[in-house]
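See structure below.
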Number of protein chains: 2
Amino acid sequence: MDNTDLKRLGLKATVPRLRVLDVLEANREGHMSAEDVYRALLDAGEEVGLATVYRVLTQFETAGLVIRHNFEGRSLFELDSGEHHDHIVCVQCGEIMEFSDATIERRQERIAEEHGFKISDHALVIYGECVKPRCPRRPS
Amino acid sequence: MDNTDLKRLGLKATVPRLRVLDVLEANREGHMSAEDVYRALLDAGEEVGLATVYRVLTQFETAGLVIRHNFEGRSLFELDSGEHHDHIVCVQCGEIMEFSDATIERRQERIAEEHGFKISDHALVIYGECVKPRCPRRPS
DNA sequence: TTCCGTAATGCGAATCGTTCGCATTAAAGA
DNA sequence: TCTTTAATGCGAACGATTCGCATTACGGAA
Ligand SMILES: [Mn+2]
Ligand SMILES: [Mn+2]
Ligand SMILES: [Zn+2]
Ligand SMILES: [Zn+2]
């Protein structure tokens, strides 16, 4: 993702946009809040406003570059890999794992159909306690 | 749910608590925000504070009387019928329907297990467009 | 029944994540 | 390089929820 990729999406290749992309690409595994991205930029010595980060993330979402998730009322962002997946979250250490299950996806389609709905999206989050050695920890 | 039921749960039978219960029972089908409950009480001529409604709903949740859902960052409450279910929401008119699917529930257990998690909860919301004649409408 | 101690209430201020408004700056194409 | 216009940074505003605190009212003891 670079200068010309942004233009291809109809977005001016501005410094803040390029830097936000850098941060997201450097955290391909993770799920970052706007605040997370903002702080990463400050730490990198960038001069950017939090409002701009919010705006840029929303634009990226609209452009299909980024996916916004709503975890407990807070927005978390991740690059859109193109492959849909859902999440399982440790309520103790906050770790987020990804999974995708064809059976569940299929059933959802059917359920929507049975209720006279045309699915546009869905959100499935499983909460639990992971058994990692470094867990339990307090959530972020 | 009356005076003595509350005491049985270790909650003083105060006027606000009894009235909030009334409102929830009068809307067994629905999913209400704290604001919804608050306004219903005002309309009924009750003198209650919004903060109290929030506190009472949280207490009811803790007591297992009520379930709190997080739809798009907003809390919606409903009496706990005891039977777990998930939701399908019309993105146009805001209607919320309930469903429960044993296959999905089963798969979730297995997925959690495979990832080394002990499930404590989960949230599944399907978004779509309903085909009701009175739809589309703007969301609430 | 009346009385008291304590928990619950109502009010407004505070919080948190997010968005807005606006004067200033910087893309990008001529 | 110049010009147009979108994008930025800042702080104020926002909506949902929580807090702090002085006041009220449960409900057990007299
Ligand atoms: Mn993810
Ligand atoms: Mn429900
Ligand atoms: Zn964990
Ligand atoms: Zn609808």
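Letters A, B, ... are given to chains in the order of the sequence lines, protein chains preceding strands, and every chain is numbered from 1. Because the structure is a prediction, the values reported are computed rather than measured.
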Worksheet item: Side chains of B/Ile96 and B/Leu76: does their closest heavy-atom pair fall under 4.5 Å?
Response: yes
Discussion item. Side-chain N or O of A/Thr14 versus OP1/OP2 of D/dT8: is the shortest distance under 4.0 Å?
Written reply: yes
Worksheet item: Between B/Lys7 and D/dC26, is there a side-chain N or O to OP1/OP2 distance below 4.0 Å?
Response: no
Nearest-angstrom distance from the residue atom [atom1] of [X] to [atom2] of [N]:
X       : N      : atom1 : atom2 : value
A/Lys12 : C/dA27 : NZ    : P     : 8 Å
B/Arg74 : D/dA16 : CZ    : P     : 5 Å
B/Glu72 : D/dA16 : CD    : P     : 13 Å
B/Arg8  : D/dG27 : CZ    : P     : 14 Å
B/Asn3  : D/dG28 : CG    : C1'   : 15 Å

Response to the item:
Between B/Ile88 and A/Ala112 the two heavy atoms that sit nearest each other are CD1-CA, 3.7 Å
Item to complete: List in numerical order all residues of residues 34-62 of chain B for which some heavy atom is under 4.0 Å away from an atom belonging to DNA chain D.
Response: B/Leu50, B/Ala51, B/Tyr54, B/Arg55
Item to complete: Indicate, with yes or no, if the rings of A/His87 and A/Phe71 have centres closer together than 6.0 Å.
Response: yes
Discussion item. Check the orientation of A/His85 and A/His69. Use parallel for under 30°, tilted for 30 to 60°, and perpendicular for over 60°.
Written reply: tilted
Just by distance, do the side chain of [X] and the backbone of [Y] share a donor-acceptor pair under 3.5 Å?
X        : Y        : answer
B/Ser120 : A/Tyr127 : yes
A/Arg17  : A/Lys12  : yes
A/Asn27  : A/Gly30  : no
A/Asp36  : A/Ser33  : yes

Worksheet, complete the sentence: Numerically ordered, the residues 17-33 of chain A set in heavy-atom contact under 4.0 Å with DNA chain C is none
Item to complete: Could you pick out which residue, B/Leu76 or B/Leu11, lies toward the 5' side of DNA chain D when each is mapped onto its nearest nucleotide?
Response: B/Leu76
Discussion item. Given C/dG10, D/dG9, D/dG27, identify the nucleotide with an atom nearest to the side chain of A/Pro16.
Written reply: D/dG9
Worksheet item: Are side-chain N/O atoms of A/Thr58 and A/Arg55 paired as donor and acceptor at under 3.5 Å?
Response: no
